[in-house]
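Just below is one structure, and these are the notes that go with it.
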Amino acid sequence: MLVKEIMSEDIHYIQVPGNRTNAMELMRDKNVSGLPVVKNGTKELVGILTRTDLVENPDEEQIAMIMTRNPITVAPDDDIKEVATKMIENNIRRIPITENGVLIGLLTASDLVNKALWKMDVKDPVENYMLRKIPTTWEKTPLNIAFDIMKYFNLKVVLALNKDGKLSGILTETDFIEESEVVAEQTVHNTSVGTEGDKWSWDSKSVLYVTKNHLKFSDKEVKDVATTEPIIATTKTSVKECANKMKQKNIEQIPVIDVEGNLVGLVRATDLIKAISD
């Protein structure tokens with residue numbers, strides 16, 4: 001199967017020069033987590049901007065300073081196996097499609113699952129593809145703490161557990177962003193300079209004011225924001241069946257439980273596409 005058979009041609013993109021506010025508004029309006037970046041007035045691809053880029057750079061306003069430059073691209077006549085391999089090797093979720101440097105489409109890991117993998121009769125169990133070290137937190141954890149846990153694992157999801165240690169919900173990067181705002185915080189740093197040993201010396205104090213932006217979360221707990229009763233898979237669920245669940249529910253990750261109902265892993269679209277490249 002070729003890239004041009006499944007790529008999205010009606011894509012949303014942002015131009016440089018541009019600012020983070022416009023980018024975030026576009027992502028929220030179109031419900032996307034990443035945008036190709038093109039030169040103003042053209043469709044020449046110059047970078048790619050993700051929601052994670054915006055979250056990790058709250059102090060920077062200009063897109064050109066946040067985006068990933070010279071992103072990995074593929075051509076419309078490339079095989080989807082090549083795309084899957086590039087995504088896996090570079091740990092990315094989306095690849096712009098270009099011709100002579102001009103943006104003509106976009107292909108995401110979800111596209112590969114929803115338009116290709118679900119049609120393949122891959123009977124391997126998801127336990128062969130799932131992540132086993134995953135971020136979990138108590139469902140009554142404050143959002144700011146849960147966000148730090150998610151960032152520590154370098155993932156875009158955290159799973160909520162109830163008092164019995166059972167899965168009770170799932171919270172994604174999008175959920176955190178919807179419950180946060182960028183605020184400016186000013187700190188004061190004092191320094192003093194004097195002449196040691198001279199009782200007549202006087203101290204000269206310098207005051208440095210540092211303003212830094214950061215994410216401020218609402219006072220809600222994880223259980224107030226998480227999606228309860230999430231779609232789940234078992235360790236023996238096939239790749240094909242799991243891909244079907246992602247397609248039908250329009251989701252990118254599914255918690256995995258064992259036969260006793262204990263949480264044992266997480267499988268993402270970016271994990272399942274390994275079945276395409278194999």
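In this structure, the side chains of Lys115 and Ser8 come closer than 4.5 Å at one or more pairs of heavy atoms. Side-chain contact between Leu117 and Lys247 is absent, with no heavy-atom pair separated by less than 4.5 Å. At least one side-chain heavy atom of Val113 sits under 4.5 Å from a side-chain heavy atom of Ile273. Looking at heavy atoms from C-beta onward, Asp77 lies in side-chain contact with Lys4 at the 4.5 angstrom threshold.
Follow the hydrophobic side-chain contacts under 4.5 Å out from Val122 and you reach Val267 in the same cluster. Ile92 and Ile80 fall within the same hydrophobic cluster, where Ile, Leu, Val, Met, Phe, Trp and Tyr residues are linked whenever their side-chain heavy atoms come under 4.5 Å apart, directly or through other members. The hydrophobic clustering, which links ILVMFWY residues whose side-chain heavy atoms are closer than 4.5 Å, places Met150 and Ile251 apart. One hydrophobic cluster, built from ILVMFWY side chains closer than 4.5 Å, holds both Ile254 and Val264. Linking Ile, Leu, Val, Met, Phe, Trp and Tyr residues whenever their side-chain heavy atoms come within less than 4.5 Å leaves Val259 and Leu266 in two separate clusters.
The nearest pair of heavy atoms linking Ala116 to Ile6 is CB-CD1, 4.4 Å. Considering all non-hydrogen atoms of both residues, Thr234 and Val126 come closest at O-CG2, 3.2 Å. Minimum heavy-atom separation, Asn90 to Lys86: ND2-O, 2.8 Å. The two residues Arg20 and Pro58 have their closest heavy-atom pair at NH1-CA, 3.8 Å. Taking every heavy atom of both residues into account, Pro76 and Ile97 meet most closely at N-CG2, 3.7 Å. The minimum heavy-atom distance between Pro71 and Gly47, with the atom names listed, is CD-CA, 3.7 Å.
For Asp10, there are no side-chain contact (heavy atoms from CB on, under 4.5 Å) partners at least two apart in sequence or on another chain. Applying the side-chain contact (heavy atoms from CB on, under 4.5 Å) rule to Glu252 yields the partners Arg93, Ser110; only residues at least two apart in sequence or on another chain are considered. Annotation: side-chain contact (heavy atoms from CB on, under 4.5 Å) contacts of Asp53 (sequence neighbours excluded): Leu49, Thr50, Ile66, Thr68. By the side chain to side chain donor-acceptor pair (under 3.5 Å) test, Glu179 pairs with Ser218, Lys220, sequence neighbours left out. In this structure, the side chain to side chain donor-acceptor pair (under 3.5 Å) partners of Asp111, at least two apart in sequence or on a different chain, are Thr108. Partners of Thr136 by side chain to side chain donor-acceptor pair (under 3.5 Å), not counting sequence neighbours: none found. Applying the side chain to side chain donor-acceptor pair (under 3.5 Å) test to Asn128 and every residue at least two apart in sequence or in another chain returns nothing. Thr137 pairs by the side-chain contact (heavy atoms from CB on, under 4.5 Å) definition with Thr141, Ala146, Ile149, Val158, Val222, not counting sequence neighbours.
Taking CD1 of Ile257 as the start and OG1 of Thr235 as the end, the distance is 8.5 Å to the nearest 0.5 Å. From Ser180, atom OG reaches atom CZ of Phe147 across 7.0 Å, with rounding to the nearest 0.5 Å. One distance of note links CE of Met67 with CD1 of Ile48; it measures 11.0 Å at 0.5 Å rounding. Rounding to the nearest 0.5 angstrom, the gap separating the CE atom in Met7 from the CG atom in Leu107 is 9.0 Å. Between Asn40 atom CG and Thr42 atom OG1 the span is 7.5 Å, to the nearest 0.5 Å. To the nearest 0.5 angstrom, Ile134 atom CD1 is 9.0 Å from Leu155 atom CG.
In this structure, Phe217 and Phe176 have perpendicular ring planes: the angle between them is above 60°, well past the 30° mark.
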- Item | Working for side-chain contact (heavy atoms from CB on, under 4.5 Å), residues Val157 and Arg268 | CA-CA 10 Å; Val157 61; Arg268 306 163 298 169; 5.6 Å; no
- Could you walk me through whether Asp148 and Lys151 pass the salt bridge (charged side-chain N to carboxylate O under 4.0 Å, His left out) check? CA-CA 5 Å; Asp148 286 340; Lys151 285 181 61 180; 5.2 Å; no
- Worked verdict on Val225 versus Glu178 for side-chain contact (heavy atoms from CB on, under 4.5 Å): CA-CA 9 Å; Val225 180; Glu178 292 298 327; over 6 Å; no
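Other residues, nucleotides and ligands contribute over 12 non-hydrogen atoms within 6.0 Å of the CD atom of Glu5. The environment of Lys39 atom NZ is sparse: at most 12 non-hydrogen atoms of other residues, nucleotides or ligands sit within 6.0 angstrom. The 12-atom threshold is not exceeded at NZ of Lys81, counting heavy atoms of other residues, nucleotides or ligands nearer than 6.0 Å. The number of heavy-atom neighbours closer than 6.0 Å to CG of Asn262, taken from other residues, nucleotides and ligands shown, is above 12.
Between the side chain of Asn244 and the backbone N or O of Glu241 there is no donor-acceptor pair closer than 3.5 Å. Listed for the Arg69 side chain is a donor-acceptor partner under 3.5 Å among the backbone atoms of Ala64. At least one donor-acceptor pair closer than 3.5 Å links the side chain of Asn162 to the backbone N or O of Asp164. One N or O on the side chain of Asn19 and one on the backbone of Thr21 form a donor-acceptor pair closer than 3.5 Å. Under a 3.5 Å cut-off, the side chain of Lys245 and the backbone N or O of Ile232 do form a donor-acceptor pair.
With side-chain heavy atoms closer than 4.5 Å counting as contact, directly or through intermediates, the hydrophobic cluster containing Ile11 also holds Tyr13, Val38, Leu45, Leu103, Leu106. If you chain together ILVMFWY residues whose side-chain heavy atoms come under 4.5 Å of each other, Met65 ends up in a group of its own.
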Name each donor-acceptor pair under 3.5 Å that joins a side chain in residues 24-35 to protein atoms two or more places apart or in another chain, with its distance.
| unit_1 | atom_1 | unit_2 | atom_2 | d |
| --- | --- | --- | --- | --- |
| Arg28 | NH2 | Ile177 | O | 3.2 |
| Ser33 | OG | Arg94 | NH2 | 2.6 |

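Residues Lys223 and Ser168 bring no donor and acceptor atom of their side chains to less than 3.5 Å of each other.
Residue pairs meeting the salt bridge (charged side-chain N to carboxylate O under 4.0 Å, His left out) criterion with at least one partner in residues 116-127, sequence neighbours excluded, are Asp121-Lys123, Glu127-Lys236.
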